[in-house]
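Accompanying notes for the structure given below.
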Amino acid sequence: MPKTSKLAANALVLLGVVALRLVAITPVVPLSDDLYRYAWDGAVQASGTSPYRYAPTDDRLAGLRTDWLFPGAARCERQGSDPGCTIINRPDVRTIYPPVAQLWFLAGHWLGASELRDLGWQLVSLVADLATVLLLWRLLLARSRDP
């Protein structure tokens, strides 16, 4: 394959990665509520507490609760939930995510993903997708393989 064709193919793959993620970005994530746990675990770690220690509903973590993850009583009532409800999945259970994932959640927290709520975590995921593609590309080149 000519060099220009390879370059065009690589650019097309990179554009495809970005396009697929951008198409999937929505104001509220419709398919999974996992990102709310990512945001919570990142905030808990940033406070200096292990997310393996307490469940999100534990009163010892009440100071970390935000209106985004723990909506007020009025919104809980509109949703048909008890006051103090949360959008975090399995709120009475400590986290199940492994340590490397926890580092990712902490990085997302530090990058300010939760400030933009669902959209922020989707944008952080876009960056992760791009970083993965670029890392794979570099590894293939380093091994004299065709990316």
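If you check the side chains of Asp59 and Tyr54, you find no donor sitting under 3.5 Å from an acceptor. Thr95 and Gln102 share a donor-acceptor pair across their side chains, judged by distance under 3.5 Å alone. A donor-acceptor pair shorter than 3.5 Å cannot be found between the side chains of Trp68 and Ser114.
Looking only at side-chain heavy atoms (C-beta outward), Leu14 and Leu130 come within less than 4.5 Å of each other. Here the side chains of Tyr97 and Tyr38 are in contact, with some heavy-atom distance below 4.5 Å. Arg53 places none of its side-chain heavy atoms less than 4.5 Å from the side chain of Arg60. Residues Pro51 and Arg94 are not in side-chain contact: their nearest non-hydrogen atoms beyond the backbone lie 4.5 Å or more apart. Residues Ile88 and Asp33 are not in side-chain contact: their nearest non-hydrogen atoms beyond the backbone lie 4.5 Å or more apart.
Every residue was checked against the salt bridge (Lys or Arg N to Asp or Glu O under 4.0 Å) condition with Arg78, not counting sequence neighbours, and none meets it.
Hydrophobic cluster membership is shared by Val18 and Val133, with clusters built from Ile, Leu, Val, Met, Phe, Trp and Tyr side chains linked at under 4.5 angstrom. Follow the hydrophobic side-chain contacts under 4.5 Å out from Leu22 and you never reach Leu12; the two are in separate clusters. Both Phe105 and Ile96 are members of a single hydrophobic cluster when ILVMFWY side chains are connected at heavy-atom separations under 4.5 Å. The hydrophobic clustering, which links ILVMFWY residues whose side-chain heavy atoms are closer than 4.5 Å, places Leu69 and Leu64 together.
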- Let me see the working for Thr86 and Tyr36 under side chain to side chain contact (heavy atoms under 4.5 Å, CB included), right down to the final yes or no. CA-CA 9 Å; Thr86 182; Tyr36 306 124; over 6 Å; no
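Under the 6.0 Å distance and 45° angle rule, Arg65 counts as a cation-pi partner of Phe70.
Closest approach of Pro98 and Tyr52 over heavy atoms only: C-OH, 3.2 Å. Contact record, Cys85 with Pro71: O-CD, 3.6 Å, taken as the closest heavy-atom pair. Considering every non-hydrogen atom in both Asp92 and Ala55, the closest pair reads C-CB, 3.5 Å.
Applying side chain to side chain contact (heavy atoms under 4.5 Å, CB included) to Trp40 and the options Leu61, Thr66, Leu35 leaves one that passes, Leu61.
Here CG of Leu111 is found 8.5 Å from CH2 of Trp121. Values are rounded to the nearest 0.5 Å. For the atom pair CD (Glu115) and NE2 (His109), the distance works out to 8.0 Å, reported to the nearest 0.5 Å.
Using modelled atom types, no side-chain atom of Thr49 and backbone atom of Gln45 make a donor-acceptor pair closer than 3.5 Å.
Hydrophobic cluster of Leu139: the remaining members, joined at side-chain heavy-atom separations below 4.5 Å, are Leu135, listed by chain and number.
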